[in-house]
Asker: 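Before we start, here is the structure in question, set down as structure tokens.
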Amino acid sequence: MATSKLVKAILDPKTNWFAAVHKKTIETRLRKYGLRYDDLYDPMESLDIKEALNRLPREIVDARNQRLLRAMDLSMKHEYLSPELQAQQTPFRSYLSDMLALVEREKAERQALGALPLQQRTIP
């Protein structure tokens with residue numbers, strides 16, 4: 001219990017100066033390409049992320065894909081968004097974390113009840 005409070009205190013940008021600097025650095029880098037933090041989750045890495053993306057409305061997923069394509073295009077051209085567009089970006093506005101938490105709760109509930117998982121990864 002004490003260790004979890006310690007970890008939260010260390011990682012909280014409101015209480016730890018280094019965490020605040022790190023968050024500001026991440027925010028600056030995401031703004032340069034017009035990305036959000038949730039865009040960095042890879043659906044190939046976790047089936048929970050893939051399921052959460054499948055449950056989101058189509059418009060949100062399309063906007064995510066558009067941001068990723070724009071970021072890849074800017075990266076290939078070695079350019080950044082204009083300062084006006086960077087000012088409009090909201091890198092830490094979350095759209096995936098609530099759905100991801102719901103999927104993880106459902107998965108934990110299924111495991112607690114002894115049911116089979118909804119999705120299973122197959123190795124070719």
Asker: Can you name the nearest heavy-atom pair linking A52 to M99, along with the distance?
Answerer: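 Closest heavy-atom pair between A52 and M99: O-CG, 3.5 Å.
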
Asker: Just how far is it from atom CG of L35 to atom CD of E27, taken to the nearest 0.5 Å?
Answerer: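 Between L35 CG and E27 CD, I get 13.0 Å after rounding to 0.5 Å.
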
Asker: Applying the side chain to side chain contact (heavy atoms under 4.5 Å, CB included) criterion to L96, which one of I60, L40, V61, L56 satisfies it?
Answerer: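 In the set I60, L40, V61, L56, the residue that makes a side chain to side chain contact (heavy atoms under 4.5 Å, CB included) with L96 is L56.
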
Asker: Could you report the tightest heavy-atom contact between L85 and Q89, atom names first, then the distance?
Answerer: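 Minimum heavy-atom separation between L85 and Q89: O-NE2, 3.0 Å.
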
Asker: Please report the closest heavy-atom contact between L74 and K32, naming both atoms and the distance.
Answerer: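 In this case the closest contact between L74 and K32 is CD1-O, 4.3 Å.
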
Asker: Would you please classify the geometry between the Y41 ring and the Y37 ring as parallel, tilted or perpendicular, with 30° and 60° separating the classes?
Answerer: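 Because their plane-to-plane angle is over 60°, the rings of Y37 and Y41 count as perpendicular.
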
Asker: Answer yes or no for K23 and F92: cation-pi contact, defined as NZ/CZ to six-membered ring centre under 6.0 Å and angle to ring axis within 45°.
Answerer: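 The answer is yes; both the distance and angle limits are met.
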
Asker: Can you tell me how far CG of L53 sits from CG of N65, rounded to the nearest 0.5 angstrom?
Answerer: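 Spacing of CG (N65) from CG (L53) equals 8.5 Å.
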
Asker: Check whether R31 reaches the backbone of Q86 with its side chain - one donor and one acceptor, N or O, closer than 3.5 Å.
Answerer: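 It does hold such a pair.
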
Asker: With the side chain counted from C-beta on, respond yes when L47 and E51 share a heavy-atom pair under 4.5 Å apart, and no when they do not.
Answerer: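 A side-chain contact is absent here, since even the closest heavy-atom pair is not under 4.5 Å.
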
Asker: Below 4.5 Å, heavy atoms only, C-beta onward: do V103 and K107 meet side chain to side chain?
Answerer: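 Not in contact.
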
Asker: Between the side chains of T25 and T28, does any donor sit under 3.5 Å from an acceptor?
Answerer: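 No - no donor-acceptor pair under 3.5 Å links their side chains.
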
Asker: CG/D39 to CG/L68 distance, rounded to the nearest 0.5 angstrom?
Answerer: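 Rounded to the nearest 0.5 Å, the CG-CG separation comes out at 5.0 Å.
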
Asker: Determine yes or no for a side-chain-to-main-chain donor-acceptor pair under 3.5 angstrom, with D38 supplying the side chain and Y95 the backbone.
Answerer: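 Looks like yes, one N/O pair under 3.5 Å.
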
Asker: How long is the straight-line distance from CG of L102 back to OG of S97, given to the nearest 0.5 Å?
Answerer: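 Reported to 0.5 Å precision, the distance equals 11.5 Å.
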
Asker: Are P91 and R36 close enough that some pair of their side-chain heavy atoms sits under 4.5 Å apart?
Answerer: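 P91 does not reach R36 side chain to side chain.
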
Asker: Are any non-hydrogen side-chain atoms of D73 and Y33 less than 4.5 angstrom apart?
Answerer: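 Heavy-atom side-chain distance check fails, nothing below 4.5 Å.
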
Asker: Is R70 close to L81 at the side-chain level, that is, under 4.5 Å between some pair of heavy atoms?
Answerer: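 Touching, per the 4.5 Å side-chain cut-off.
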
Asker: Can you tell me how far apart CD (E104) and CG (D48) are? Round to the nearest 0.5 Å.
Answerer: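 One gets 5.5 Å once the value is rounded to the nearest 0.5 Å.
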
Asker: Indicate yes or no: at least one non-hydrogen side-chain atom of L69 is less than 4.5 angstrom from one of M72.
Answerer: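 A side-chain contact exists here, since the closest heavy-atom pair is under 4.5 Å.
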
Asker: Would you call E106 and R55 a salt bridge, using N to O less than 4.0 angstrom?
Answerer: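 So E106 pairs with R55 through a salt bridge.
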
